Amino acid sequence: MGVGLAQNLAQTGHDVVLIDLTDERLEAALGEIRQNLRMQKLLAKRAPGGAAPTESAEVILGRITTSTEYESLSNVDFLIENVIEKWEAKEPVYRAIDPICPERCVFAVNTSCISITRVGSITERADRVVGMHFMNPVPMKPVVEVIRGFYTSEQTLEVVESFLSGLGKEGIVVNDMPGFVSNRVLMLTINEAIYLVQDQVAEPADIDRLFTTCFGHAMGPLATGDLIGLDTILYSLEVLYESFNDDKFRPCPLLKKMVWAGLHGRKSGRGFFNYGIAG
């Protein structure tokens, strides 16, 4: 997700500071962006009218600065956080960056489930904390789910609208409740599809084919889970289960087993479908 966002921002003329835990991860991210730009150009040649990059990869990548230090965020205007869907992972990040980022900086929480109000409560800028749930792959998705926390100001929402417009995207504003709109429905769908596999009702390919052929979905629920990352699906369901205390969000045992086995979907090379060797 962070890779797609960095690419989308750089392609639309923004200067980007990309933060990760290690230099190795950052080098891999730049390599992935370079490959994505190459593929965009190739696909546009094969399909006239496609959206090809208008600038060279070197120019686009030149807008991205990488760092492993939060101090590199001392002059940013807009921050998008992409930490995994676990509160214990996100919380220390916000406590660290809040005193570093300038007062004007808006914090956009790229989350599918975690409360925006809760994030705002541990900062000194609750009115400038907003949820922005981007969809994968980021450069190809025209709409972003924007989540208004309890203290999110109208001015912040206006900044977000302008920011998204600069990315060529539209924001749909919803209120802060775990799962919001998209994932409160989507996680249930994916989880129930996994139960169908566990209960041997149908094979993964047939389950997905029913959704793509009968309902016109571009991708079935199991392939969608693989794309998002089955570990992320599990973390999201755990947040929903804890937040609502409702058994309908209880993660399927097969999902837990696959995550424990390292079968995380596309990023690991195997989930409900095989994608080759990761890396």
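Not measured: the values here are computed from a predicted model. Residue numbers start at 1 and run along the sequence shown.
Residue pairs meeting the ring-ring contact (aromatic ring centres under 6.0 Å, His included) criterion with at least one partner in residues 80-101, sequence neighbours excluded, are Y94-F107. Pairs engaging residues 10-35 under the ring-ring contact (aromatic ring centres under 6.0 Å, His included) rule: H14-F163 [sequence neighbours left out]. Each salt bridge (charged side-chain N to carboxylate O under 4.0 Å, His left out) pair with one or both residues in residues 153-181, not counting sequence neighbours, appears once here: R148-E154. The salt bridge (charged side-chain N to carboxylate O under 4.0 Å, His left out) pairs that include a residue from residues 222-242 are D231-K267, where partners are two or more places apart or lie in different chains.
When the side-chain hydrogen bond (donor to acceptor under 3.5 Å, both in side chains) test is applied to R209, no partner is found at least two apart in sequence or on another chain.
E85 places a side-chain N or O within donor-acceptor distance of the main-chain N or O of S112, the cut-off being under 3.5 Å. For N82 (side chain) and N110 (main-chain N/O), no donor-acceptor pair under 3.5 Å exists by modelled atom type. Counting only distance, with no hydrogens or angles, the side chain of R125 and the backbone of C105 share a donor-acceptor pair below 3.5 Å. Between the T152 side chain and the G149 main chain, a donor and an acceptor come within less than 3.5 Å of each other.
The CG atom of L196 sits 11.0 Å away from atom CG of L254, with the distance rounded to the nearest 0.5 Å.
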Enumerate donor-acceptor pairs with a distance under 3.5 Å from any side-chain N or O in residues 258-265 to protein atoms, sequence neighbours excluded.
{"residue": "H264", "atom": "NE2", "partner": "V259", "partner atom": "O", "Å": "3.2"}

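I114 and M135 are not part of a single hydrophobic cluster, where members link through side-chain heavy atoms under 4.5 Å apart.
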